[in-house]
Amino acid sequence: MKYPQLLFTFLLSLILSTSLQARQLTVQAVDGHASNSQNQYPLDGGLLESDRGYFTIGESGVFNPESWSISYLNQKTGFLVIRDQSVYLSIYETSGNQVVDRQLDFFDASDETLKLYLFDDGRSVTRDNVANFTFFAPNGDLKYSVSNSSQSSEGERESELAADAYGKTVVLYNPVINYGDSRGSRAKVVMGEGDQRVFFRDQSSQILQVKVSENGSYITLLTGNGSNYEVYLFDRFGNELNQFSFSDEQKGVSISDDARYVTVYSGGRTQVLDAANGDRVGSTSSRSPVIYSRYFKDDDVILVFGGVQQGNRIDQPAISAIHIGERQILREDINESLSTYDFERLRISRLQGNSYQIDGLNRSLRVRTDF
């Protein structure tokens, strides 16, 4: 009788087929984003498009700005533009309605260090003259200015700003300060006018990245000098919570919302650490150069976004999901290039169980894992 054997073979085949089908990674563009070109960036209810230096938002347009910014959650778009040899701050809602158009007195139109940072509540910060930051209210009124100059006689690189979406926690930092034969760095938290605190200083390592958590409660800082790399975890006031050392090159850091887990990634490797004791929770290697990684404890999954960076373009993009507990890896290649206007703005958030979204790209991506 061959029937029992045939039935067993059929059932085994069905079980294996079902198991294989269940283990999959799906990636889709968010509704309305699929047709975006590499020069089109989604806004909350709108679209920002650039074409040979001309930017359009709704019916409004800006030509050849000195600097431009999209707020973290895509609520506002801002520009620093030169008109009649003067610098102007222009901020738009996603509909294209202009809400701020302010001439910035005492700003030099030939300053090559001009930069704009924009928060979702409409507040903005400008950088000029290498290390001077000016804070503006949502209506464009000037609030106060802060100098972040290190006063090094050997010079320094342009200062940078890191913050959460609503500017609850603002960090100003000097990525590189020249100290003769060595290069150091410095960072300070700004609470308000006259309320500042330098919480990090190192005369032998450069700051490679500063990140403020999405809820504004934590700060991570990555430093390196070519042979040693350090990751620091601080609270929003600049109090150090922990420090982790690495002998191999590191590229970036992300943390969980509750700061219990720190994800550190390099060109082709990601590792997750317990933020309290430094124990390694899991790690993975990647075939694609890693651009951003984050660990989600609720799913026990590391999500890795990779690709080849060419300016603001990402060629051969791919997404990998690694289930630490089950020791399984899923991978999905994306068939066309993507782009971002700022690699520091990339982020991965968890929507619900095994469902995530990657933002900061010309097309936001929905990712679904089924292990």
**Message:** Could you measure the distance from the CG atom of N178 to the OG atom of S152? Nearest 0.5 Å is fine.
**Reply:** 6.0 Å

**Message:** Working to the nearest 0.5 angstrom, can you tell me the gap between K115 NZ and L80 CG?
**Reply:** 11.0 Å

**Message:** What verdict does the side chain to side chain donor-acceptor pair (under 3.5 Å) test give for S288 and R331, after you've listed the backbone C-alpha separation in whole Å, the side-chain angles of each residue and the deciding distance to 0.1 Å?
**Reply:** CA-CA 11 Å; S288 299; R331 175 186 167 95; 3.1 Å; yes

Any ion pair linking [Y] and [X] (charged N to carboxylate O, less than 4.0 Å)?
X    : Y    : answer
D257 : R294 : yes
R363 : E336 : yes
D315 : R313 : yes
D141 : R123 : no
D298 : R350 : yes
R186 : E156 : no

State, yes or no, whether a side-chain contact exists between [X] and [Y] at a heavy-atom distance under 4.5 Å.
X    : Y    : value
Y232 : T223 : yes
E93  : Q75  : no
L47  : Y41  : no
Q206 : R157 : yes

**Prompt:** Strictly under 6.0 Å, is that where the ring centroids of Y218 and F234 end up?
**Reply:** no

**Prompt:** Using the ring of each side chain (for Trp, its six-membered ring), is Y54 parallel, tilted or perpendicular to F63, with breaks at 30° and 60°?
**Reply:** tilted

Between the side chains of [X] and [Y], does any donor sit under 3.5 Å from an acceptor?
X    : Y    : result
N148 : Y173 : no
Q103 : S86  : yes
R345 : Y341 : yes
T113 : E158 : no

**Item:** Verdict with reasoning, D370 to R23, per salt bridge (charged side-chain N to carboxylate O under 4.0 Å, His left out)
**Value:** CA-CA 5 Å; D370 290 304; R23 298 175 183 175; over 6 Å; no

**Message:** Against F296, only a single residue in T263, N354, I302, L303 fulfils side chain to side chain contact (heavy atoms under 4.5 Å, CB included); can you say which?
**Reply:** L303

**Prompt:** Where the side chain of N242 meets the backbone of A276, is there a donor-acceptor pair that is under 3.5 Å apart?
**Reply:** yes

